[in-house]
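Single-structure report; data block below.
For the single chain, residues carry numbers from 1 onward in sequence order.
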Amino acid sequence: MKKIQIINGPNLNLLGQREPGIYGSSSFEQYLTELRDRYPDVEISYYQSNVEGELINKMQEAGFTQQPPCDGIVLNAGAYTHTSIALQDCIRSLRCPVVEVHISNVHKREEFRHHSYISCACLGVICGFGLDSYRLGIEAILNAH
């Protein structure tokens with residue numbers, strides 16, 4: 001069975017409540033049920049934190065120290081995407097691919113959101129497809145093997 005870890009960064013615990021015009025009105029937990037139903041042969045784990053170091057610890061656990069490492073990580077680093085070299089360094093150390101995802105099209109938003117410090121270390125980047133960006137990230141990981 002394939003194992004995929006989904007990791008969400010800061011403020012994504014507020015999905016369904018925070019800026020629904022940008023992020024939609026569904027919580028991530030509701031969407032996670034749909035993903036698990038859609039991929040019954042994939043073990044999909046979920047983790048969210050507002051703390052950068054905790055995100056790094058979880059990525060290291062899933063993609064480095066866990067034996068065997070998971071098959072891939074779908075990462076929405078939130079605002080840390082635009083600020084964190086530490087996340088980039090972590091992604092480079094992992095033994096599994098990471099797909100960077102964003103719910104909104106970051107290139108249609110404020111200019112500071114146009115640059116990602118983590119994209120260069122990821123298998124690919126998906127943005128602008130709402131919560132479906134996570135499904136596309138899972139597909140990318142499953143098709144990379």
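- In this structure R92 satisfies the side chain to side chain donor-acceptor pair (under 3.5 Å) test together with Q88, sequence neighbours excluded.
- Every residue meeting the side-chain contact (heavy atoms from CB on, under 4.5 Å) condition with E34, not counting sequence neighbours, appears here in chain and number order: Y31.
- Residue pairs that meet the salt bridge (Lys or Arg N to Asp or Glu O under 4.0 Å) test with at least one member in residues 115-124, sequence neighbours left out, do not exist here.
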Derivation of the side chain to side chain contact (heavy atoms under 4.5 Å, CB included) call for I138 and Y39: CA-CA 9 Å; I138 290 170; Y39 298 98; 4.0 Å; yes
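- When all heavy atoms are compared, the tightest approach of I91 to A121 is CG2-O, 3.2 Å.
- Applying the side-chain contact (heavy atoms from CB on, under 4.5 Å) criterion to S84, with sequence neighbours excluded, gives E52, Y80, A86, L87.
- Remark: D71 CG to R95 CZ distance equals 14.5 Å, nearest 0.5 Å.
- Each of I73, V98, V99, V101 was scored for a side-chain contact (heavy atoms from CB on, under 4.5 Å) with C122, with one residue passing: V98.
- Under the 4.5 Å side-chain heavy-atom criterion for grouping Ile, Leu, Val, Met, Phe, Trp and Tyr, I56 is not connected to Y117 through any hydrophobic cluster.
- By the 4.5 Å heavy-atom criterion applied to side chains, E100 and L75 are not counted as neighbours.
- Through direct or indirect side-chain contacts shorter than 4.5 Å among Ile, Leu, Val, Met, Phe, Trp and Tyr, V125 is connected to no other residue.
- Listed here is the closest heavy atom pair of C70 and C96: O-CB, 3.2 Å.
- Residue L12 holds its CG atom at 6.5 Å from CD of Q48, rounded to the nearest 0.5 Å.
- Annotation: ring-ring contact (aromatic ring centres under 6.0 Å, His included) contacts involving residues 84-105, sequence neighbours excluded, are absent.
- For the pair T81 and S116, the tightest heavy-atom approach, listed with the atom from each and the gap, is CG2-OG, 3.3 Å.
- Among all heavy-atom pairs drawn from S104 and C127, the shortest one is O-CB, 3.6 Å.
- For residues 123-138, every residue pair satisfying the salt bridge (Lys or Arg N to Asp or Glu O under 4.0 Å) rule, not counting sequence neighbours, is listed here: D132-R135.
- Pairing each heavy atom of L123 with each of A140, the nearest pair is CD2-O, 4.2 Å.
- Considering only residues two or more places apart in sequence or on other chains, N8 meets the side chain to side chain donor-acceptor pair (under 3.5 Å) condition with Y46, Y134.
- A search for side-chain contact (heavy atoms from CB on, under 4.5 Å) contacts involving D89 returns I85, not counting sequence neighbours.
- Looking at every heavy atom in both residues, P10 comes nearest to A77 through CD-O, 3.4 Å.
- Connection of F64 to I141 is not established within any shared hydrophobic cluster, with ILVMFWY side chains joined at heavy-atom distances below 4.5 Å, either directly or through further cluster members.
- Atoms CG and CD1, from L131 and I103 in turn, are 5.0 Å apart once rounded to the nearest 0.5 Å.
- Judged as a side chain to side chain donor-acceptor pair (under 3.5 Å), and not counting sequence neighbours, N57 has no contacts.
- A distance of 6.5 Å separates CD in E43 from CE in M1, rounded to the nearest 0.5 Å.
- Residues passing the side-chain contact (heavy atoms from CB on, under 4.5 Å) test with Y47 are Q5, I7, S49, E54, L55, K58, sequence neighbours excluded.
- Considering CG of L35 and CD of Q30, their distance stands at 12.5 Å, rounded to 0.5 Å.
- Hydrophobic clustering of Ile, Leu, Val, Met, Phe, Trp and Tyr side chains at less than 4.5 Å, counting indirect connections, keeps L94 apart from I6.
- Residues forming a side chain to side chain donor-acceptor pair (under 3.5 Å) with T83 (at least two apart in sequence, or on another chain): none.
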